[in-house]
Amino acid sequence: MKVKLWLLDLNQEFLSGKDAVFLWGISNAGKRVLLVDDSVESFFFLKPLNGVDPDEAVRAAFPEGKRHGVTRMEVCDKLVLGKPVRVVKVCVDRSDNVEKAAGRLEKLKLFEKAYESDLRLSTRYLLEKNLTPSSWFEAEVEKNPFLPSIPNVEAFKVNAVRPLEEEKPPELRVMAVHLLKVGGKGSPKPEYDPIVAISTYDGKELKQYRFDGKTDRFLIEGFLDQVKKFDPDVIVGYGITEDWSYLAERCKRVDVQLEVGRNYAKPHTSVFGHVSVTGRINIDLFHNARENPQLTEYTLDEYAESLGFSVGQMIPEHKYSEYLSNPLIAEKLFKQSEECSKLIYRIWTILSDFAIQLSQITGLPIDHVFTASSGHRAEAYLIREAYSMGELIPPRVEKPYIPYAGGLVLQPQKGVYENVSVLDFSSMYPNIMLKYNISPDTYVQEGKECEDCFVSPESKHRFRKDYRGVYTRMLQNLLASRKAVREELKLVEEDSVKYRILDARQKALKILANTLYGYAGWVGARWYLREVAESAAEWGRYTIRMAIKKAEQLGMKIIYGDTDSIFVIDGEKLNELSRWIEHELELETRVEKKYRRILFTEAKKRYGGLLENGRLEVVGLEVVRGDWAEIAKDTQLEVLRIMLETMDVNKAVSYVRRIMAEIREGKVDMEKMVIWKRMTKPPEAYEVRAPHVLAALELSKKGWRIDVGDKVGYVITRGTSRIGERAKPYQLVESKDIDYEYYVKNQIVPAALRILEVFGVDEQTLLREPRKGLMAFGTE
DNA sequence: CGGGTCGTTCACCGC
DNA sequence: TAGCGGTGAACGACCCGG
């Protein structure tokens, strides 16, 4: 019989002496289904050394292979970086023996290296069958008495599968989970702090299981019953990776089995520390929060706010214990846990489309989408592309790292300009890589012959024209799909489900395409080739230089430019320029922005301007930096606004003086003086005793846990020693100890002068007491 | 030994 | 656990004159 399924999750099992892949899905009739496929074979490839005949190699190596589970060896034709190669396919009795056999055989003096021995069986299965997670497929199945029996899930043995085109995902049962953990002192420890409550929300029903005063056994059981009863397809939490291990430890103590998988299995750790729950999608939104470096503390409320949710004041974690021990306010804590589960649910609703699309496109299971880095996402896609071409997937190996030159940045002349347009190349690197067929498998090594090649402008790297590479194919597919999606988007109503799905898809496609250039230059990549990244950058610089030259020929004034953009004074020649670029350079451009007025300092990558709609945009300046005190950023923004809107220097100067006075009078909140910096290594590992390092050391001495990646907030206090030693964690400082002069001299003055310098204001002018009866500035 | 110069370390941002 | 280009603060080694 045939079934139509949406692939939720897959895992590998060893069943009656054979490897099997378990496919967990939802049928088009809404049934939860398990398909078992034990027809999958484990294998890898060996490339013979130069001069070694593959058939000879098989005969010589087979006896040794047999001892390590090799069942069969055969010679076959594959591609290695675009070149046809006869390689040996090695089949192994079970997947556990793959790496072992590959390691042994590689050592024989017959082979250069092994390919695809580091692919997991489930990955191989998806490739072989051309399936992707989070997509529909059709399976030819039959009942079989030896299959595991699982409540509420129909199990079948699979005979054949084929992918389907259908887009719309089925209705998923989603359960958001929040654990309320409270530590007596410091952070809660599962060894002695029981769970206080678990809240769940499924979009309709809110449940909460509470500590009964003696044991958390019953609340855990209550929660587990609810999981079994509701049988979620998706379990989503914030920090749920940690919650699972906390739960596991608690379960051990109170003698409960943490059976949350569809097969009753406990949660288990898979790649990159990601936790899987068999048969379900386990999503930790914390991983998504971690992608946003703007966040300081990575609390749920901060994360939710960054996504546009308005969340009221939440009880901070260090006060949990205080709340819990006071019956008058304890209820607030429980209420908050409930609200958290609702919030987690709502966040998932807005992220799920994007996650599903990314999963479909890359072929990564949906719960890996958030944990995988952008490099791994691109790589997952490349693996599929390579597989379909018959190209062997290179192993991850350590390679030496050689830096190369990147984008071109023009030096701006400081000053204010009016009517400036920004002409951007659309997806410059992807389009350049496409245009010149830049790919690791089209690269022609030095000394090798090549009749018809693209030659990079500076290093003269060559790329063959007669063959489309993995990168080229990937980009062609991504950009073509994106174009098609965007065309379709135009015909779809904006509020519809279809619009949401398509928009998520086109965004995912764009992100993947843009990642590929960086991927090429990443030493950790399977398809790393410095020459690829280097050439793309060279052609990028060449392109922007050509555009500038043409603009100048047309009599246009170039104000600035960075990598893929040029800033020009708007005029009737702009259209001519972009037409020329499209025609001669064969690249698309867009007028991305128009500034009514824009200010440049003498520095690159730092400017601010008034857009046509009146919005003030700031790039690179202190205003947008996370490591300046709020008060300095606010002041700079206001100075910039005054100057761009009114060009009134006196007004700006007196504004700054007013703020300086307020600081000295102690009228500014300490909160606005906190400087945040991220720890990039453990405090002891620093060579320099920088302010944030000393502040971090002081915090850890007081018992705070400071991890790499945490942001430390400090203020500068009064004293005569160097700044670093006067930097104190803001939590430990009273506002009377703050060194106001530091904030005036090292924060307000430099931030304000950055702008005012352009108008000839210097430090002395700014600091001088305004004289009575005279204008504040500009009368001398 | 205090004050200045200057190279280095560090974090962050732009694209 | 994607790349390079770029700015600017603070440290700390060093020099200098006293």
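In the text below, chain A, chain B and the rest are named by the order of the sequence lines, each starting its count at 1.
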_Residue pairs passing the side-chain hydrogen bond (donor to acceptor under 3.5 Å, both in side chains) test where at least one lies in residues 511-523 of chain A, sequence neighbours excluded_ =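 Output for this query lists A:E379-A:Y519, A:Y404-A:Y517.
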*Please work out which of the three classes, parallel, tilted or perpendicular, describes the rings of A:Y436 and A:W539, given edges at 30° and 60°.*
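Ring orientation, 0 to 90° scale: parallel.
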Rounded distance in Å - [atom1] ([X]) to [atom2] ([N]):
X: A:I544; N: B:dC15; atom1: CD1; atom2: C1'; value: 11 Å
X: A:M679; N: B:dT9; atom1: CE; atom2: P; value: 17 Å
X: A:Y560; N: C:dT7; atom1: OH; atom2: C1'; value: 11 Å
X: A:L382; N: C:dA2; atom1: CG; atom2: C1'; value: 12 Å
X: A:Y743; N: C:dA9; atom1: OH; atom2: P; value: 15 Å
X: A:K745; N: C:dA9; atom1: NZ; atom2: P; value: 11 Å
X: A:Q411; N: C:dG6; atom1: CD; atom2: C1'; value: 10 Å
X: A:R678; N: B:dT9; atom1: CZ; atom2: C1'; value: 18 Å

Using a 4.0 Å heavy-atom cut-off, does [X] contact any base of the nucleic acid, only the sugar-phosphate backbone, or nothing at all?
X: A:T515; value: nothing
X: A:W628; value: sugar-phosphate
X: A:G524; value: nothing

May I ask you to verify if any side-chain N or O of [X] is less than 4.0 angstrom from the OP1 or OP2 atom of [N]?
X: A:N746; N: C:dA9; value: no
X: A:Y607; N: B:dC15; value: yes
X: A:Y742; N: C:dA10; value: yes
X: A:R377; N: C:dT1; value: no
X: A:T680; N: B:dA11; value: yes
X: A:R726; N: C:dC11; value: no
X: A:R606; N: C:dG8; value: yes
X: A:K681; N: B:dC10; value: yes

*Donor-acceptor contact below 3.5 Å, side chain A:R541 vs main chain A:A405*: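 A pair under 3.5 Å: yes.
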_I want to know whether A:Y303 and A:Y298 have ring centres closer than 6.0 Å._
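A:Y303 vs A:Y298: aromatic centres not under 6.0 Å.
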*May I ask you to check whether A:H376 and A:Y381 place their ring centers less than 6.0 Å from one another?*
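No, too far apart.
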*Search all heavy atoms of A:K728 against all heavy atoms of A:V733 and return the closest pair with its distance.*
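So the minimum-distance heavy-atom pair works out to CB-CG2, 3.3 Å.
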Any luck finding a side-chain donor-acceptor pair between [X] and [Y] under 3.5 Å?
X: A:D562; Y: A:S565; value: no
X: A:Q360; Y: A:T132; value: no
X: A:D284; Y: A:T241; value: yes

*Go through residues 687-697 of chain A and report each residue with a non-hydrogen atom lying under 4.0 Å from DNA chain C, sorted by number.*
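A:V688, A:R689, A:P691, in order of number.
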Each nucleotide N or O in nucleotides 3-5 of chain C that has a protein N or O under 3.5 Å away: list the pair and distance.
unit_1, atom_1, unit_2, atom_2, d
C:dC4, OP1, A:Y401, OH, 2.5
C:dC4, OP2, A:Y401, OH, 3.3
C:dC4, O3', A:Y404, O, 3.3
C:dC4, O3', A:G406, N, 2.8
C:dG5, OP1, A:G406, N, 3.0

*asked:* Check this for me: A:E757, atom CD, are more than 12 non-hydrogen atoms of other residues, nucleotides or ligands nearer than 6.0 Å?
replied: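 Correct, the count exceeds 12.
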*asked:* Quick check for you: among C:dA9, C:dC11, B:dA11, whose closest atom lies nearest to any side-chain atom of A:R722?
replied: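 From the listed options, C:dC11 comes nearest.
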